[in-house]
Number of protein chains: 2
Amino acid sequence: MQKAFTITPTQIACSSCNLREFCLPADFTDEELHKLEALTSTKRAYRRGDYLYRSGSKFESLYAIRTGFFKTQVLHEDGREQVTGFQMAGEIIGLDAISTDIHACDAVALEDSEVCELPFNRLEELSRQLPTLQRHLHKIMSREIVRDQGIMLLLGSMRAEERLAAFLLNLSQRFAARGYSASAFRLRMTRQEIGSYLGLKLETVSRTLSYFQESRLIDVHNKSIALLDMTRLLGLVGQQRATPF
Amino acid sequence: MQKAFTITPTQIACSSCNLREFCLPADFTDEELHKLEALTSTKRAYRRGDYLYRSGSKFESLYAIRTGFFKTQVLHEDGREQVTGFQMAGEIIGLDAISTDIHACDAVALEDSEVCELPFNRLEELSRQLPTLQRHLHKIMSREIVRDQGIMLLLGSMRAEERLAAFLLNLSQRFAARGYSASAFRLRMTRQEIGSYLGLKLETVSRTLSYFQESRLIDVHNKSIALLDMTRLLGLVGQQRATPF
DNA sequence: AATTACGTTTGATATAGGTCAAAATCCGTG
DNA sequence: CACGGATTTTGACCTATATCAAACGTAATT
């Protein structure tokens, strides 16, 4: 059996799954590591456009993204859709389904991706035995709640420019945390999907990006984007309007 | 020792706490019931305007609302505030703090209220021993995630009328679930707080309510409100605009 | 009962972002 | 490489909601 976890300065990284969010503070016995390894062993590949799960389908497992990029969306009866999040490597997806045992949203791959399936029953069982894992699971769920509240703040009180700036900086941070460039990356989603996430129309997203470009804040060409001035971008967030006077 | 739980057709209700959300499917031993009872024994009273906890303070416990009404809000650096929820009897509050051990929002009593304190360490410990409790805790957290996603949909894609209609119907449902009238109740929050929650200015809230009143959908006088036509109100939600033709 | 502070309503006007439309660009496929 | 569909950009115009301001109610306080 290969070693399930490798030591890093402050954390243990799961080698089989590359689960940033699932990385755990140390001290497990070999026995426990073995169990954790077993839990995360089922991997699966998805092509761009594939559904990881659909709203309404039965909940069995959480999914940990190994590589790739997903979006989650809820569909309103009348056809309106709301993108509720973009998920990347190391993030856990499917938490919303625990409440009813039915998935409450769709999860769609935005590029070819790999995920680890985490059967939830076994995860619960294991987390009864391993307080560290239990605590970790709770933190992951809580973090999702905090994230959602941040989006409420964004949707409820920010102007288009602020929303977009916050969005770009958030992506930047998450790429950086994974060892990619914080200042240049490829957007995996369309303007329409960005708009849905941010509560804006795609035209507004496009216009605002163009405006950022003129202002030398960013450099966009289609899906490639470079953040040229993070400081000013950061300054934009939390500005009721562009410099009161 | 008084009996901790009383049987209802499908659930067990916690007598000490009146914890709708904490009600659990049956089969606990007396021993287990005793432990649950002990967990939920610390009660506390709050006056209108009191803070249950503040953003930035250390996380120790979740709180189950026994009676009364709270709001939770996050404050942005620049002074903007976003109300992230209104909580009533039987609901659990404080889940956001688990992620960092620091409260991420304020919780403020909107009327005189009573809460049960649930020390989180002991809750985790107990839920390791009682799978039913564990599952329940997970469902509560997941339900919060689903709720938040619903609000994202509301904030991201609904017009003012829809938002308000959805808001009123949501309150109505929750009052009804607690045995109060579904069609007449007192709003515990100001127009400003409603607006913050719904991503609208207080004037827009006021105007929209006035418009609903003219349309004989509701009857408002200050904080007392009666829903006169729930069907039409429901029809409003999910309408891109008022009857296309 | 008078005073004050706070919350609400309503009106007039401004504006951010939506809508509709056309052109430009990108990308996958035969 | 050329085609066709999807995505993006840009323009012109419109509207829902914000903003500013004033009057009005309501509820707590003395």
Side-chain angles (χ1 to χ4, degrees), chain A residues 47-49 71 80-81 83 108 110-112 154-165 167 186-215 218-225 236 239-245, chain B residues 47-49 71 80-83 108 110-112 154-165 167 186-215 218-225 236 239-244:
Chain A
R47 307 293 307 274
R48 180 147 83 92
K71 70 168 173 180
R80 267 178 292 187
E81 76 169 39
V83 172
V108 187
L110 293 181
E111 63 183 17
D112 296 354
L154 179 141
L155 292 173
S157 69
M158 291 189 185
R159 299 171 321 108
E161 283 175 32
E162 294 182 73
R163 294 183 198 191
L164 224 7
F167 173 70
R186 232 172 44 75
L187 298 170
R188 269 72 174 182
M189 68 296 281
T190 65
R191 302 290 189 262
Q192 137 89 306
E193 286 162 336
I194 297 174
S196 167
Y197 183 58
L198 299 179
L200 302 170
K201 291 291 150 176
L202 70 98
E203 293 94 328
T204 305
V205 172
S206 179
R207 271 185 241 279
T208 307
L209 288 177
S210 298
Y211 169 69
F212 282 177
Q213 173 126 273
E214 281 169 36
S215 316
I218 65 171
D219 191 31
V220 243
H221 290 96
N222 228 39
K223 311 240 157 166
S224 340
I225 189 162
L236 257 178
Q239 219 68 47
Q240 298 264 149
R241 58 182 36 167
T243 51
F245 42 127
Chain B
R47 308 292 307 273
R48 181 147 81 93
K71 70 168 173 180
R80 267 178 292 184
E81 76 168 39
Q82 171 80 22
V83 172
V108 187
L110 293 181
E111 63 182 17
D112 295 356
L154 179 142
L155 292 173
S157 68
M158 291 188 185
R159 299 171 320 107
E161 284 175 31
E162 293 181 75
R163 294 184 198 191
L164 223 8
F167 172 71
R186 230 173 44 75
L187 297 170
R188 269 73 173 182
M189 68 297 281
T190 66
R191 303 288 189 263
Q192 137 91 306
E193 286 162 337
I194 297 173
S196 169
Y197 183 58
L198 299 179
L200 302 169
K201 292 290 150 177
L202 71 96
E203 294 95 328
T204 305
V205 173
S206 178
R207 272 184 240 278
T208 307
L209 288 177
S210 299
Y211 169 70
F212 282 178
Q213 173 127 273
E214 281 170 33
S215 316
I218 65 170
D219 191 30
V220 241
H221 290 97
N222 227 37
K223 311 240 158 169
S224 341
I225 188 162
L236 257 179
Q239 219 69 47
Q240 297 266 149
R241 57 180 38 162
T243 51

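Atoms considered below: every heavy atom in the structure, side chains included; atoms not considered: hydrogens, waters and symmetry mates. Sequence lines set the chain letters: A, B, ... in the order given, protein chains first and strands last, and positions in each chain run from 1.
- Phosphate proximity of C:dT8 to B:R191: present, with a side-chain N or O under 4.0 Å from OP1 or OP2.
- Each of A:V205 and B:L209 has a nearest nucleotide on DNA chain C; the 5'-most of these lies closest to B:L209.
- Nearest heavy atoms, A:L155 versus A:G199: CD2-N, 3.7 Å.
- Salt bridge present: A:R47 and A:D112 bring a charged side-chain N and a carboxylate O closer than 4.0 Å.
- For the OP1/OP2 pair of C:dT9 and a distance below 4.0 Å, the side-chain nitrogens and oxygens of B:S210 include no atom meeting the criterion.
- For B:K201, the listed nucleotide lying nearest its side chain is D:dA18; candidates were C:dT10, D:dA18, C:dG18.
- The nearest whole Å value for the distance from the CG atom in A:L202 to the C1' atom in D:dT9 is 10 Å.
- Within 4.0 Å (heavy atoms only), A:L200 reaches sugar-phosphate atoms of the nucleic acid but no base atom.
- Residues satisfying the side chain to side chain contact (heavy atoms under 4.5 Å, CB included) criterion with B:R188, sequence neighbours excluded, are B:F69, B:L110, B:E111, B:F175, B:R186.
- Closest of all the heavy-atom pairs between A:G49 and A:V108 is O-CG1, 3.7 Å.
- One interatomic measurement links the two molecules: CZ of B:F212 to P of C:dT9, which rounds to 13 Å at whole-angstrom precision.
- The backbone N or O of B:M158 lies less than 3.5 Å from a partner atom in the side chain of B:R163, making a donor-acceptor pair.
- For the pair B:L155 CG and D:dT17 P, the computed distance is 13 Å after rounding to whole Å.
- Using modelled atom types, no side-chain atom of A:S206 and backbone atom of A:L202 make a donor-acceptor pair closer than 3.5 Å.
- Rounded to whole angstrom, the span from the CD atom of B:E162 across to the P atom of D:dA16 amounts to 12 Å.
- A:S224 is linked by a side chain to side chain contact (heavy atoms under 4.5 Å, CB included) to nothing, counting only residues two or more places apart in sequence or in another chain.
- The distance between atom CG of A:L236 and atom P of C:dA16, rounded to the nearest whole Å, is 14 Å.
- Remark: B:T190 engages B:Q192, B:E193, B:K223 in a side chain to side chain contact (heavy atoms under 4.5 Å, CB included) (not counting sequence neighbours).
- For A:S206, no side-chain nitrogen or oxygen approaches OP1 or OP2 of D:dT10 to under 4.0 Å.
- Atom OH in A:Y211 sits about 13 Å away from atom C1' in C:dA16, given to the nearest Å.
- Between A:T190 and D:dT7, a side-chain N or O to OP1/OP2 separation shorter than 4.0 Å is absent.
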List every contact pair, protein side and nucleotides 11-13 of chain C side both N or O, where the distance is under 3.5 Å.
residue: C:dG11; atom: N7; partner: B:R207; partner atom: NH1; Å: 2.9
residue: C:dG11; atom: O6; partner: B:R207; partner atom: NH2; Å: 2.9
residue: C:dA12; atom: N6; partner: B:R207; partner atom: NH2; Å: 3.2

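- Direction of the helix axis in the helix from C:dA1-D:dT30 to C:dG30-D:dC1 shifts by 50° between the two five-pair termini, rounded to 10°.
- B:F212 meets the ring pair (Phe, Tyr, Trp, His ring centres under 6.0 Å) test with no other residue; sequence neighbours excluded.
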Next on the checklist: I'd like to compare against my own output: the B/S/- annotation of nucleotides 22-30 of chain C with a strict under-4.0 Å heavy-atom distance to protein.
Outcome noted: ----SSS--

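- Considering only residues two or more places apart in sequence or on other chains, B:N222 meets the side chain to side chain contact (heavy atoms under 4.5 Å, CB included) condition with none of them.
- Between the side chain of A:T208 and the backbone N or O of A:T204 there is at least one donor-acceptor pair closer than 3.5 Å.
- Between the P atom of C:dT8 and the CE atom of B:M189 lies a distance of 11 Å, rounded to the nearest Å.
- Remark: B:D219 pairs with no residue by the salt bridge (Lys or Arg N to Asp or Glu O under 4.0 Å) rule, at least two apart or across chains.
- Rounded to whole Å, the distance from CZ on B:R159 to C1' on C:dT19 is 14 Å.
- No contact: B:G195 has no heavy atom under 4.0 Å from any strand.
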